[in-house]
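Note on naming: letters A, B, ... go to the chains in the order of the sequence lines (proteins, then strands), and numbering restarts at 1 for each one.
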Number of protein chains: 2
Amino acid sequence: MTSPPTESASRRPTRQRAALAELMAETSEFLSAQDLHSKLQSRGDSVGLATVYRNLQAMAADGDVDVLRTDDGECVYRSCATDAHHHHLVCRECGRTVEVEGPAVEKWAAEVARANGFSDVTHTIELFGTCTSH
Amino acid sequence: MTSPPTESASRRPTRQRAALAELMAETSEFLSAQDLHSKLQSRGDSVGLATVYRNLQAMAADGDVDVLRTDDGECVYRSCATDAHHHHLVCRECGRTVEVEGPAVEKWAAEVARANGFSDVTHTIELFGTCTSH
DNA sequence: ACCGTGTTTGACAATCATTCTCATCTGAGT
DNA sequence: ACTCAGATGAGAATGATTGTCAAACACGGT
């Protein structure tokens, strides 16, 4: 994102937040809030659904997790591998994800925006494809 | 879109479809299905909400309208100005939209995909900014 | 260790866009 | 006019996300 990082307000550490963070840390695929919630349940770390949503939003605002929307509009989350701005190439069969950087695109986006007199530009770029194993 | 055009099955012409198509033709901004539905109502062309959804989906599948998702997940539609593949630069204040083409991005997307062994790639690219009048 | 206070949580209700159901209607060919 | 598959509409159903609010909790001061 090109947007200024919505600065992380001081958040208080809690068992629930920790459980969620830990789960996300060991997962590499994108999961929905609902998925994460039930994974926590079955693992014994009971956390309310609303809490999962609240924390995911907070983490996303702080840039600690990536968010993207599936074709059917559901939000899916995944912990960032890098701090840097990046995009995703997702396999529509198995969900395997590759984080890609695109200096070229960033530049293009900025230029297009400037050329049209738009300021404060952000962009959404996601690539979907089918990976080799399919 | 890079995806093969889901070929338009033969669609039967109906009053409802015509009304919707006409409304879209005279509108240049992105509107949600709900918006379109109520505009049709207040204009006298009564059309069921489900029908609006069905037709919008059909039109989108045929590539007759552009679809994109607002930040809060709502789908918004607009008739395409061009047949060609393109993306949008949308003002987050007033909704003004500019259709942009990006040979550079298309190429980038294709290359990134190939480099990672993905085939059959499609992409989602939207730019949001604030236009001059704000 | 004990309190007071401002956060965070959880259970559940409420929203709300979108989809489904299914009986009825309509367009097009005969 | 007759028929039938595709289209429509009213309303119910779905399902993710958000709102509510009382109870539980973390933290700094004592």
Is the phosphate of [N] approached by [X] (side-chain N or O, under 4.0 Å from OP1 or OP2)?
X: Arg12(A); N: dA24(D); answer: no
X: Thr51(B); N: dG9(D); answer: yes
X: Gln57(B); N: dT19(C); answer: yes

Check your understanding: Parallel under 30°, tilted from 30 to 60°, perpendicular over 60°: which one fits the rings of His88(A) and Phe30(A)?
Key -> perpendicular
Check your understanding: How are the rings of His123(A) and His85(A) set relative to one another: parallel (under 30°), tilted (30 to 60°) or perpendicular (over 60°)?
Key ->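 Perpendicular.
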Of the options [options], whose atoms approach the side-chain atoms of [X] most closely?
X: Tyr53(B); options: dT9(C), dG9(D), dA17(C); value: dA17(C)
X: Gln34(B); options: dA17(C), dG9(D), dG10(C); value: dA17(C)
X: Thr14(B); options: dT8(D), dT8(C), dG10(C); value: dT8(D)
X: Ala50(A); options: dG11(D), dA17(C), dA11(C); value: dA11(C)

Check your understanding: Any donor-acceptor pair under 3.5 Å between the side chain of Arg54(A) and the base of dG10(C)?
Key ->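 It does, because a donor-acceptor pair links the side chain of Arg54(A) to the base of dG10(C) below 3.5 Å.
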Study note, to complete from the structure: Under a 4.0 Å heavy-atom cutoff, the residues of residues 20-30 of chain B touching DNA chain D are none
Check your understanding: For the atom pair CD (Glu106(A)) and NE2 (His86(A)), what is the distance rounded to the nearest 0.5 Å?
Key -> 11.0 Å
Interatomic distance, [X] [atom1] vs [N] [atom2] [rounded to whole Å]:
X: Gln16(A); N: dA24(D); atom1: CD; atom2: C1'; result: 10 Å
X: Leu49(A); N: dG15(D); atom1: CG; atom2: P; result: 14 Å
X: His37(B); N: dG11(D); atom1: NE2; atom2: C1'; result: 12 Å
X: Arg11(A); N: dT8(C); atom1: CZ; atom2: P; result: 8 Å
X: Asp71(B); N: dT17(D); atom1: CG; atom2: C1'; result: 15 Å
X: Glu74(B); N: dT17(D); atom1: CD; atom2: P; result: 15 Å
X: Leu56(B); N: dT19(C); atom1: CG; atom2: C1'; result: 14 Å
X: Arg17(B); N: dT26(C); atom1: CZ; atom2: P; result: 16 Å

**Study point:** Salt bridge flag under 4.0 Å for residues Lys39(A) and Asp45(A)
**Key:**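 Here Lys39(A) does not pair with Asp45(A) in a salt bridge, since their nearest N and O are not under 4.0 Å apart.
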Point to revise | Residues Arg15(B), Glu22(B): salt bridge by 4.0 Å N-O rule | key: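 Looking at Arg15(B) and Glu22(B), the cut-off is not met.
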Check your understanding: Hey, mind stepping through Tyr77(B) and Gln57(B) against side-chain hydrogen bond (donor to acceptor under 3.5 Å, both in side chains) and telling me if it holds?
Key -> CA-CA 10 Å; Tyr77(B) 305 83; Gln57(B) 281 177 187; 5.8 Å; no
Revision key, fill the gap. Result for 5'-nearest mapping on DNA chain C, choosing between Pro13(B) and Tyr77(B), is Tyr77(B)
Have a look at [X] and say if it touches a base, only the backbone sugar-phosphate, or nothing, with a 4.0 Å heavy-atom cut-off.
X: Ser46(A); answer: sugar-phosphate
X: Asn55(B); answer: sugar-phosphate
X: Arg69(B); answer: nothing

Review point. Do Arg78(B) side-chain atoms and Ser28(B) backbone N/O form a donor-acceptor pair below 3.5 Å?
Key: yes
Practice item. Determine yes or no for a side-chain-to-main-chain donor-acceptor pair under 3.5 angstrom, with His37(A) supplying the side chain and Asp35(A) the backbone. Key: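 Not at all, since once roles are kept as given, no pair shorter than 3.5 Å links the two residues.
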